[in-house]
Number of protein chains: 2
Amino acid sequence: MSTPPQPGAAFLLAQVGAHAAARFAERISEVGVDPPDVGLLRMIASQPGRSQQSLAEQLGVVPSRVVVLVDGLQRRGLVERRRNPQDRRNHALHLTAEAEQVMTRIRELASTHESDICAALDDHQRAQLTELLGAIAAQQGLTPGVHPGYRRP
Amino acid sequence: MSTPPQPGAAFLLAQVGAHAAARFAERISEVGVDPPDVGLLRMIASQPGRSQQSLAEQLGVVPSRVVVLVDGLQRRGLVERRRNPQDRRNHALHLTAEAEQVMTRIRELASTHESDICAALDDHQRAQLTELLGAIAAQQGLTPGVHPGYRRP
DNA sequence: TATTGTTATACTCTATAACTATA
DNA sequence: TATAGTTATAGAGTATAACAATA
């Protein structure tokens with residue numbers, strides 16, 4: 001007797017999660033950034049002046065990867081590296097004025113994205129889903145706001 | 001006034017989904033395969049004798065990628081390519097006896113994985129989550145059982 | 001001429017390790 | 001000597017396009 005291919009919650013999570021991530025990537029390509037960029041921009045926005053090392057640590061990523069990501073954002077004029085006069089080794093990261101506008105647009109896109117992905121659910125179900133996922137995330141020890149797309153070094 | 005970083009359902013989906021996928025990849029590494037391998041093995045198991053073209057189409061992937069994946073599975077002794085005497089251009093794909101055993105083990109690992117990922121939920125909540133995710137998957141037009149990790153060509 | 005599968009090639013992403021400059 | 005950041009390099013994964021065999 002063969003096992004019927006009834007996907008469980010874990011497979012559905014991976015499937016729907018990857019779909020949601022891919023659709024989000026499509027949307028934000030409008031402003032010329034990709035999901036890792038957005039993660040970094042959000043972290044810099046919430047704590048301006050952070051060093052690349054501290055970002056690497058929180059993301060669970062090797063510092064040389066942050067260099068590449070920040071290079072890209074700097075080329076696009078979204079992030080500034082400012083030498084810290086107290087310790088000229090480290091770079092304080094700040095968003096540019098343009099980045100503030102871009103972040104506003106990203107928040108709009110994220111909101112549309114949210115509605116799109118949850119189009120099958122009513123408000124109650126959406127709240128329920130958020131609660132269930134939040135419980136899993138907490139129990140699994142996921143860092144709030146940090147996407148595991150950044151891999152551990 | 002700054003927007004509080006309250007992650008919505010879409011972000012949680014992407015975050016938890018990527019986590020689930022990564023954990024599953026760890027588990028199945030025990031039998032020397034990775035998630036794309038498992039997807040292919042499952043498809044061949046449910047419809048033995050399929051051609052590489054038909055797999056490529058269902059996965060939404062370029063045929064040359066299927067070549068590489070099947071090469072790997074063949075090297076590991078899990079898949080056989082059999083020339084079709086009627087049309088000697090195409091290769092009918094079949095699982096080996098070893099692959100049947102490996103699939104049994106993978107099903108065990110998937111079951112453990114499922115319990116692990118849903119450890120924060122009781123049975124009722126787990127059923128609820130599965131239902132909500134199923135509704136999203138259907139409304140978003142996702143192919144049942146096909147992980148979007150295989151990208152569209 | 002069209003189709004199945006393959007190879008050759010190139011591009012992207014990411015990690016490792018060596019290196020520079022500051023401390 | 002230790003630390004922040006950078007560069008150079010290599011490996012994995014994947015797509016594109018040219019190609020071989022068969023129809």
Side-chain angles (χ1 to χ4, degrees), chain A residues 18 21-22 25-26 29 32-40 43-44 47 49-76 79-94 146-153, chain B residues 18 21-22 25-26 28-29 32-40 43-44 49-76 79-94 146-153:
Chain A
E26 281 173 22
S29 70
V33 296
D34 61 17
D37 289 336
V38 172
L40 220 57
M43 289 170 71
I44 299 171
Q47 295 179 45
R50 295 186 62 164
S51 74
Q52 298 183 187
Q53 288 282 347
S54 82
L55 287 177
E57 216 166 285
Q58 183 175 344
L59 291 172
V61 150
V62 91
S64 67
R65 182 154 182 225
V66 177
V67 172
V68 178
L69 289 169
V70 173
D71 281 351
L73 292 172
Q74 196 172 37
R75 259 198 311 277
R76 281 156 219 244
V79 164
E80 275 178 22
R81 285 172 160 114
R82 299 192 197 147
R83 282 277 179 210
N84 178 341
Q86 268 73 50
D87 183 343
R88 294 178 38 74
R89 284 175 306 182
N90 81 49
H91 279 148
L93 300 178
H94 294 269
V146 175
H147 192 288
Y150 304 95
R151 293 181 191 153
R152 291 121 209 89
Chain B
E26 281 172 23
I28 60 175
S29 71
V33 297
D34 61 16
D37 290 337
V38 173
L40 220 56
M43 289 170 70
I44 298 171
R50 294 187 62 165
S51 73
Q52 298 183 187
Q53 287 283 345
S54 83
L55 287 178
E57 217 167 283
Q58 182 175 344
L59 291 171
V61 150
V62 92
S64 66
R65 184 157 180 223
V66 176
V67 173
V68 178
L69 289 169
V70 174
D71 280 351
L73 291 172
Q74 197 173 36
R75 259 197 312 275
R76 281 155 220 246
V79 165
E80 276 179 21
R81 284 171 162 116
R82 299 191 196 145
R83 282 278 179 210
N84 179 343
Q86 269 71 49
D87 183 343
R88 295 178 38 75
R89 285 174 305 181
N90 81 49
H91 279 149
L93 301 178
H94 294 268
V146 176
H147 192 287
Y150 304 96
R151 296 185 188 150
R152 291 122 211 89

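Lettering follows sequence order; numbering is per chain, from 1. Basis for what follows: all heavy atoms, side chains included, without hydrogens, waters or symmetry-related copies.
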Checklist entry - If you take atom types as modelled and just measure distance, does the side chain of A:S64 reach the base of C:dT16 with a donor-acceptor pair under 3.5 Å? => result yes
Item to check | Evaluation steps, side chain to side chain contact (heavy atoms under 4.5 Å, CB included), between A:L59 and A:M43 | outcome: CA-CA 10 Å; A:L59 291 172; A:M43 289 170 71; 3.4 Å; yes
Checklist entry - Got more than 12 heavy atoms from elsewhere within 6.0 Å of CD, B:Q74? => result yes
Item to check | Under-4.0 Å side-chain N/O to phosphate OP1/OP2 contact, A:Q86 with C:dA23 | outcome: no
Checklist entry - Would you say B:R50's side chain and B:I44's backbone share a donor-acceptor pair under 3.5 angstrom? => result no
Checklist entry - Roughly, in whole Å, what's the span from CG in A:N90 to P in C:dT22? => result 12 Å
Checklist entry - From the list C:dT6, C:dT4, C:dA23, which nucleotide is the closest neighbour of the side chain of A:D87? => result C:dA23
Item to check | Whole-Å gap separating P (C:dG5) and CG (B:L69) | outcome: 14 Å
Checklist entry - Taking CG from B:L59 and P from D:dG13, how many angstroms apart are they, rounded to a whole number? => result 16 Å
Checklist entry - Given atom CG of B:L93 and atom P of C:dG5, what is their separation to the nearest angstrom? => result 8 Å
Item to check | C:dT3 base / B:R89 side chain donor-acceptor hit below 3.5 Å | outcome: yes
Item to check | Between C1' of D:dT3 and CG of A:N84, the distance in whole Å | outcome: 13 Å
Checklist outcome for this item: Assign each of A:V68 and A:P85 the nucleotide of DNA chain C bearing its closest heavy atom; nearer the 5' end lies the nucleotide of A:V68
Item to check | Nearest-nucleotide pick for B:R88, side chain only, options being D:dA4, D:dT22, C:dT6 | outcome: D:dT22
Checklist entry - How close or far is atom P of C:dT6 from atom CG of B:L55, stated in whole angstroms? => result 12 Å
Checklist outcome for this item: To the nearest angstrom, the CG-P distance between B:D71 and D:dT14 comes to 14 Å
Checklist entry - Nearest to the side chain of B:R65 - D:dT14, C:dT7, D:dT7? => result D:dT14
Checklist entry - For A:R83 and A:R89, which heavy atoms make the closest approach, and how far apart are they? => result NH1-O, 3.5 Å
Item to check | Any B:R81 side-chain nitrogen or oxygen under 4.0 Å from OP1 or OP2 of C:dT4 | outcome: no
Checklist outcome for this item: Correct closest heavy-atom pair for B:P35 and B:A25 would be CG-CB, 3.7 Å
Checklist entry - What is the distance, rounded to the nearest whole Å, between atom CD of A:Q52 and atom P of D:dT7? => result 11 Å
